[in-house]
Amino acid sequence: QVQLVESGGGLVQAGGSLRLSCAASGRTFSSYAMGWFRLAPGKERDFVAAISWKSGSTKYADSVKGRFTISRDNAKNTVYLQMNSLKSEDTALYYCASAAGLVSDYARYDYWGQGTQVTVSS
């Protein structure tokens, strides 16, 4: 079965950086895309970024453009989210998910990881 396992979350000061990883297994991912979403207390789940496994095309939320970078290592079936210039409003539980296309609508994603917590202190 498809498994997505996130890692790399933690506590960081505002202005700092973290790199999240999402290890994927159980599916031939070449025709899919991987996305990162986040969920903060009292807020709705927000799209962060997505990448096509095959082409490497990317899509970002306006709130993270210029600060976050999504990338993938096809050989390792792993997707990364490099987060720089972190702000307190980036504090959330970050999830990776798999979809059939490069989309930002969470309803289009069919498999999800368990999440990794990112906390940014101001």
Side-chain angles (χ1 to χ4, degrees):
Q1 78 250 28
V2 176
Q3 281 193 318
L4 305 176
V5 180
E6 302 97 335
S7 61
L11 174 64
V12 64
Q13 287 189 331
S17 299
L18 280 175
R19 189 176 81 154
L20 305 183
S21 299
C22 174
S25 62
R27 165 185 268 179
T28 301
F29 289 95
S30 59
S31 59
Y32 291 86
M34 294 295 291
W36 286 96
F37 290 78
R38 62 188 182 186
L39 181 63
K43 296 186 178 181
E44 295 185 350
R45 180 168 27 187
D46 282 339
F47 169 77
V48 176
I51 188 167
S52 165
W53 278 109
K54 185 174 183 179
S55 68
S57 298
T58 58
K59 187 179 183 72
Y60 293 94
D62 288 342
S63 59
V64 305
K65 279 181 183 176
R67 299 189 299 124
F68 291 10
T69 303
I70 189 170
S71 62
R72 91 279 193 226
D73 184 330
N74 289 28
K76 295 182 179 180
N77 268 6
T78 299
V79 173
Y80 304 98
L81 185 67
Q82 178 67 44
M83 306 186 296
N84 298 329
S85 302
L86 282 161
K87 306 174 182 179
S88 57
E89 51 262 45
D90 294 318
T91 294
L93 188 60
Y94 283 72
Y95 298 89
C96 68
S98 174
L102 193 64
V103 294
S104 59
D105 179 0
Y106 74 86
R108 298 278 300 274
Y109 286 77
D110 54 357
Y111 290 98
W112 294 78
Q114 82 289 349
T116 185
Q117 178 67 38
V118 172
T119 303
V120 183
S121 63
S122 55

Exercise: identify the closest heavy-atom pair between [X] and [Y]:
{"X": "Ser122", "Y": "Ala14", "value": "CA-CB, 4.2 Å"}
{"X": "Leu20", "Y": "Val118", "value": "CD2-CG2, 4.0 Å"}
{"X": "Ala33", "Y": "Gly101", "value": "CB-O, 3.4 Å"}
{"X": "Gly35", "Y": "Tyr109", "value": "N-CE2, 3.6 Å"}
{"X": "Ser98", "Y": "Arg27", "value": "OG-NH1, 2.7 Å"}
{"X": "Arg72", "Y": "Ser55", "value": "NH2-C, 3.8 Å"}

Drop me the distance from [X]'s [atom1] to [Y]'s [atom2], to the nearest 0.5 angstrom.
{"X": "Ser25", "Y": "Gln3", "atom1": "OG", "atom2": "CD", "answer": "5.0 Å"}
{"X": "Leu18", "Y": "Tyr94", "atom1": "CG", "atom2": "OH", "answer": "9.0 Å"}
{"X": "Ser17", "Y": "Asn84", "atom1": "OG", "atom2": "CG", "answer": "3.5 Å"}
{"X": "Phe47", "Y": "Ser63", "atom1": "CZ", "atom2": "OG", "answer": "9.5 Å"}
{"X": "Ser57", "Y": "Ile51", "atom1": "OG", "atom2": "CD1", "answer": "8.0 Å"}
{"X": "Ser21", "Y": "Glu6", "atom1": "OG", "atom2": "CD", "answer": "10.0 Å"}

Could you state whether [X] and [Y] fall into the same hydrophobic cluster, counting links through intermediate Ile, Leu, Val, Met, Phe, Trp or Tyr residues with side-chain heavy atoms under 4.5 angstrom apart?
{"X": "Leu102", "Y": "Tyr60", "result": "no"}
{"X": "Ile70", "Y": "Leu4", "result": "yes"}
{"X": "Leu81", "Y": "Tyr111", "result": "yes"}

Pair Asp73, Thr78: side-chain N/O donor-acceptor within cut-off below 3.5 Å: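 Short answer, no.
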
Derivation and outcome, side-chain contact (heavy atoms from CB on, under 4.5 Å), residues Met34 and Trp53: CA-CA 7 Å; Met34 294 295 291; Trp53 278 109; 2.9 Å; yes

Steps toward salt bridge (charged side-chain N to carboxylate O under 4.0 Å, His left out) verdict (Arg108, Asp105): CA-CA 6 Å; Arg108 298 278 300 274; Asp105 179 0; 5.7 Å; no

Pair Trp36-Cys22, side-chain contact (heavy atoms from CB on, under 4.5 Å): steps then yes or no: CA-CA 9 Å; Trp36 286 96; Cys22 174; 3.6 Å; yes

Salt bridge (Lys or Arg N to Asp or Glu O under 4.0 Å) contacts in which one or both residues fall within residues 32-51, not counting sequence neighbours: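 Non-adjacent pairs meeting salt bridge (Lys or Arg N to Asp or Glu O under 4.0 Å): Arg38-Asp90.
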
Backbone of Val5 reached by a side-chain donor or acceptor of Gln114 within 3.5 Å: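 Not a single qualifying donor-acceptor pair exists.
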
Step-by-step side-chain contact (heavy atoms from CB on, under 4.5 Å) determination, Thr119 to Val12: CA-CA 6 Å; Thr119 303; Val12 64; over 6 Å; no

Pairwise side-chain contact, Leu93 with Thr116, heavy-atom cut-off 4.5 Å (strictly under):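 Answer no - side chains too far apart.
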
Phe68 side chain reached by Val48 side chain, heavy atoms, under 4.5 Å: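 Touching, per the 4.5 Å side-chain cut-off.
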
